Amino acid sequence: MTETTGKYADFEGLRAQAVALRREGLSRRQIRDRLHVDNNDLLNRLLQGEPAPEWTKRPRAKDDLREKARELRLQGMTYDQIQVELGCSKGSISLWVRDLPKPERSRSAVEQARLAGRMRWDHELAVRDAERQRTKASAREETLGMSDRELFYTGIALYWAEGTKDKVYDRREGVTFINSDPDVIVVFLAWLELLEVPRQSLAHRVMIHETADVPAAERYWADLVGVDVSALRRTTLKRHNPKTVRKNVGESYRGCLVIRVARGADLYRRIEGWWSGIATDAASRLGARTDSELEDVDRPGTVGP
């Protein structure tokens, strides 16, 4: 007989002691230490059928949380709402209620989510707009204090983009400028002043849709160029087409202003020459050829220099 076998030979007597201690309210550890039983299997056999005392049982707080979570889920709460209510993790909540049907989102919940999204987007738009305005303000500072030469080139390019031009099929050696942007009109007038074109040689006329506030537009343009409304030439009205969906409507729509320089043939020829020089110089930088240069190329049947 081994030492261990001899130690636990009186099993029934040992069990009687273990049961008595258990009924006195001792824990497994206390019984093991009191009886010097180091074998867990033997301790289980000694205490078989004897319930543990109440004081050794762990509280089942999570069982209560689980039941509460399931109750709240059945009431239609989301995981986030249950988490706020109970203070437990969303992982635990998911395990506890995953067998329950997903609650339908109420109309108010959908509206709240939409409002939250709108608020986030409004914030993002505000941030973008602030950045946009900073970029514009910085760029504006770069062009303030324009020299006469810079204005000279600006005016040439502006006229060639927006002014009337002479064509082979339509001879127009005159200076007529049309635009709806008041800032563009101001730059053009400053350019004419730089060229010493007399103000009294300018004629102004409004072009606008007949459905607009014509008198208000006439007053606006007259004030901008510094003349009396009565000094404007007869307004050109554009007929309204009901099938056309126009976006240039409302109080901000003022049509276009037409500025014509009297006896402007010589000025037009100079403008065309200035532009030709600018285009030729730009083409040389790109290694390209301008229309004016191509016109000088010999055509079939012509005699070269």
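Source: prediction; values computed, not measured. Position 1 is the first residue of the sequence; numbering continues from there. Just so you know, these numbers use all the heavy atoms, side chains as well, and skip hydrogens, waters and symmetry mates.
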message = Applying salt bridge (charged side-chain N to carboxylate O under 4.0 Å, His left out), can you list everything that pairs with Arg70, at least two apart in sequence or on another chain?
response = Asp99
query = Roughly how far apart are Asn40 CG and Arg32 CZ, rounded to 0.5 Å?
reply = 7.0 Å
ask   = Of all residues at least two apart in sequence or in a different chain, which pass the ring-ring contact (aromatic ring centres under 6.0 Å, His included) check with Trp274?
value = Phe152
key: Pair Lys68 + Asp64: basic N to acidic O under 4.0 Å   = no
Side-chain donor-acceptor distances from residues 126-137 under 3.5 Å, at least two apart:
{"from": "Arg128", "atom 1": "NE", "to": "Glu124", "atom 2": "OE2", "distance (Å)": "3.0"}
{"from": "Asp129", "atom 1": "OD1", "to": "Arg132", "atom 2": "NH1", "distance (Å)": "3.1"}
{"from": "Glu131", "atom 1": "OE1", "to": "Arg134", "atom 2": "NE", "distance (Å)": "3.4"}
{"from": "Glu131", "atom 1": "OE1", "to": "Arg134", "atom 2": "NH2", "distance (Å)": "2.6"}
{"from": "Thr135", "atom 1": "OG1", "to": "Glu131", "atom 2": "O", "distance (Å)": "3.0"}

key: Any residue meeting side-chain hydrogen bond (donor to acceptor under 3.5 Å, both in side chains) with Glu50, in chain and number order, not counting sequence neighbours   = Arg23
ask   = Which residue pairs pass the ring pair (Phe, Tyr, Trp, His ring centres under 6.0 Å) test when at least one of the two sits in residues 215-238, sequence neighbours left out?
value = none
For Glu24, side chain to side chain contact (heavy atoms under 4.5 Å, CB included) partners two or more places apart = Leu21, Leu26
task = Classify the side-chain pair Gln83/Ser89 by whether it contains a donor and acceptor separated by less than 3.5 Å.
result = no
task = Assess the side chains of Ser230 and Asp228: does a donor N or O sit below 3.5 Å from an acceptor N or O?
result = yes
ask   = For Arg205, what residues pass the side chain to side chain contact (heavy atoms under 4.5 Å, CB included) criterion, not counting sequence neighbours?
value = Met207, Arg233, Thr236, Val258
inquiry  = Using the side chain to side chain contact (heavy atoms under 4.5 Å, CB included) criterion, which residues pair with Gln75? Sequence neighbours excluded.
reply    = Glu71, Leu72
task = Report the hydrophobic cluster partners of Leu125, with the cluster defined as I, L, V, M, F, W, Y residues connected by side-chain heavy atoms closer than 4.5 angstrom, directly or transitively.
result = Trp121
inquiry  = My understanding is that only residues two or more places apart in sequence, or in another chain, count here; which of them pass side chain to side chain contact (heavy atoms under 4.5 Å, CB included) with Pro51?
reply    = none
query = Can you tell me how far the NZ atom of Lys167 sits from the CZ atom of Arg172, to the nearest 0.5 Å?
reply = 9.5 Å
query = Among pairs that include at least one residue of residues 174-202, which meet side chain to side chain donor-acceptor pair (under 3.5 Å), considering only residues two or more places apart or in two chains?
reply = Glu162-Asn179
key: Side-chain heavy atoms of Phe177 within contact of Ile185, under 4.5 Å   = yes
ask   = Salt bridge or not for Asp41 and Arg45, using N-O below 4.0 Å?
value = no
ask   = What pairs with Arg263 under side-chain hydrogen bond (donor to acceptor under 3.5 Å, both in side chains), at least two apart in sequence or on another chain?
value = none
